[in-house]
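Presented below is the structure to which this report refers.
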Protein chains: 2
Amino acid sequence: MRILIVEDDAVLRDGLKVGLAISGFTADAVESCEEANAVLKNHAFDALVLDLMLPDGSGLDVLKSMRERRDDTPVLLLTARDGVADRIAGLDTGADDYLGKPFDLDEVAARLRALVRRAGGRSRTVLEWRHLRLDPSAQLVERGGEPVRLSRREYSILHVLMAHPGRVLSKRQIEEKLYGWQEEVESNAVEVHIHHLRSKLGPGLIETVRGIGYRLGEEA
Amino acid sequence: MRILIVEDDAVLRDGLKVGLAISGFTADAVESCEEANAVLKNHAFDALVLDLMLPDGSGLDVLKSMRERRDDTPVLLLTARDGVADRIAGLDTGADDYLGKPFDLDEVAARLRALVRRAGGRSRTVLEWRHLRLDPSAQLVERGGEPVRLSRREYSILHVLMAHPGRVLSKRQIEEKLYGWQEEVESNAVEVHIHHLRSKLGPGLIETVRGIGYRLGEEA
DNA sequence: ATCAGGCTTAAGGCAGACTTAAGGATGGCA
DNA sequence: TGCCATCCTTAAGTCTGCCTTAAGCCTGAT
């Protein structure tokens with residue numbers, strides 16, 4: 001899950017980035033409206049954490065221009081402690097949620113999970129497919145009731161696949177969900193993780209579509 | 001816009017009902033889990049405002065049983081002022097949003113608008129013809145409900161044909177869809193792929209128009 | 001009957017995927 | 001701080017399935 005943080009305060013920004021990473025997200029960060037606009041035009045994120053007060057303008061303007069170009073990426077606004085007016089304005093501009101400062105990192109993560117889930121048209125957090133269960137809030141995977149130990153990368157890949165069961169995802173798409181800008185990968189890492197996933201989950205689950213990518217297959 | 005309010009406190013309940021009515025919603029109200037469950041099974045609402053603390057149980061249980069029966073109606077939770085744990089649990093159970101008490105009526109309305117807007121609209125572009133189904137997002141082809149394994153080229157050819165059922169496409173046109181500029185082909189590759197397609201999909205589907213090209217035939 | 005276009009089949013090459021292993025990074029723990 | 005376990009990336013080698021090519025056969029049209 002790829003998140004963009006727009007926040008000028010360095011302490012908050014880094015805190016968010018690390019906190020979200022612990023919760024299993026991949027977070028990139030920028031610190032101004034201008035940067036945010038530039039980046040958003042070229043990259044897709046699963047969600048946005050957007051501060052309202054930025055050095056070169058209001059986060060609302062970023063939000064507004066996103067919505068004007070039909071970018072429906074879910075947005076979580078960060079507002080002042082009691083800015084009710086801001087919040088209402090934000091929601092009506094097209095924000096999906098807000099959080100007053102100071103905030104709890106776990107709560108940010110939970111709200112992001114809810115946003116992403118809702119954007120995907122799902123109402124349940126727990127993903128299920130065949131005899132697999134994946135619980136994002138606990139970062140837990142079960143296979144037929146038995147817990148399976150997955151590393152972070154393995155978990156992330158399975159998460160992406162289970163979010164779109166049946167759909168083919170290219171290695172490129174998977175990489176984009178796993179890696180931020182500073183950590184682009186130049187190898188067959190995804191293939192290797194897929195290999196490990198298969199050996200842990202059993203065969204017949206993750207199908208290869210040659211030349212295209214991977215998907216969770218329809219049947220045994 | 002039809003809203004169901006689940007709230008045991010009479011003052012709050014009536015306040016919400018009136019407030020939402022002013023904002024243009026039509027609100028119904030019940031005051032217990034039991035009533036809520038009964039009503040929800042028989043009526044569809046555009047959204048739900050759900051208190052967590054109810055006389056006969058937790059709103060979370062109402063929420064959970066809704067989601068279990070695949071009721072995806074958007075839910076706005078009402079929680080205690082600082083019940084962070086409740087909120088996280090709520091979101092992860094499948095709530096779409098929450099609001100801490102005390103709340104601002106305008107804000108409730110704004111959040112409901114946002115929820116309902118989010119819940120609407122999503123579509124897919126699946127091609128269908130006779131008993132064939134081709135789903136571009138899944139790169140998946142079904143024949144009478146049974147998935148068919150096609151290679152990349154085969155899939156591409158079928159895709160082009162199904163995009164224009166009944167229309168005759170020349171080998172030249174098909175090649176143009178399959179190959180980039182650098183990789184022109186000097187052989188009967190298309191014929192070979194058509195052959196494989198016919199053997200996988202069964203006869204009578206892809207017609208040859210001698211000297212012209214191929215098409216999906218009109219009838220059996 | 002002839003011929004051009006289409007069909008069928010098989011083989012070879014190759015790109016993409018799999019497997020395995022090693023080395024480095026990271027984080028926990030003493 | 002230093003050690004250990006775990007995980008991640010890289011890279012090299014192997015494997016596999018797809019695609020193209022080509023050759024010969026079939027079929028419909030003239």
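Each chain gets a letter, A, B and so on, in the order its sequence line appears, and its residues count up from 1. All values reported here derive from a predicted model rather than from experimental measurement.
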Just the table, please: protein N/O against nucleotides 19-23 of chain C N/O, every pair under 3.5 Å.
residue, atom, partner, partner atom, Å
dT19(C), OP2, H195(A), ND1, 2.5
dT19(C), O4, N188(A), ND2, 3.0

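Among the atoms of the strands shown, only primed sugar atoms or phosphate atoms (P, OP1, OP2) are found under 4.0 Å from some heavy atom of T208(A). In this structure, S151(A) reaches the sugar-phosphate backbone alone: every heavy-atom distance under 4.0 Å involves primed, P, OP1 or OP2 atoms, never a base. Looking at heavy-atom distances under 4.0 Å, E154(B) makes no contact with the nucleic acid at all. Looking at heavy-atom distances under 4.0 Å, Y179(A) makes contact with sugar-phosphate atoms alone, never a base. Residue R210(B) is in base contact, counting any heavy-atom pair closer than 4.0 Å across all strands shown.
The interatomic distance linking I194(A) (CD1) with dC18(C) (C1') rounds to 12 Å, in whole Å. dA11(D) atom C1' lies 14 Å from atom NE2 of H193(A), rounded to whole Å.
Of the charged side-chain nitrogens involved, at least one lies within less than 4.0 Å of a carboxylate oxygen, so that D46(A) and K177(A) count as a salt-bridged pair. At a threshold of 4.0 Å, the pair D96(A)-R117(A) does not count as salt-bridged, since none of the basic side-chain nitrogens sits closer than that to a carboxylate oxygen. Under 4.0 Å is where a charged nitrogen must lie from a carboxylate oxygen, and between E191(A) and K171(A) at least one such pair does. Between E146(B) and R143(B), none of the side-chain N atoms (NZ, or NE/NH1/NH2) sits under 4.0 Å from a carboxylate O, so this pair counts as no salt bridge.
In this structure the side chain of L134(A) reaches within 4.5 angstrom of the side chain of P136(A), judged on heavy atoms.
Put simply, K171(A) has no side-chain N or O that comes within less than 4.0 Å of OP1 or OP2 on dG16(C). The shortest distance between the side-chain N/O atoms of R152(A) and the OP1/OP2 oxygens of dT26(C) is not below 4.0 Å. The shortest distance between the side-chain N/O atoms of R149(A) and the OP1/OP2 oxygens of dT6(D) is not below 4.0 Å. Contact check, Y214(A) against dC18(C): a side-chain N or O comes under 4.0 Å of OP1 or OP2.
Partners of H193(A) by ring pair (Phe, Tyr, Trp, His ring centres under 6.0 Å), not counting sequence neighbours: none found.
Summary of the strand contacts: E186(A) and K200(A) both lie near DNA chain D, and taking for each the nucleotide with the nearest heavy atom, the more 5' one is attributed to K200(A).
For the salt bridge (charged side-chain N to carboxylate O under 4.0 Å, His left out) with R13(A), the lone residue among E7(A), E35(A), E31(A) that qualifies is E31(A).
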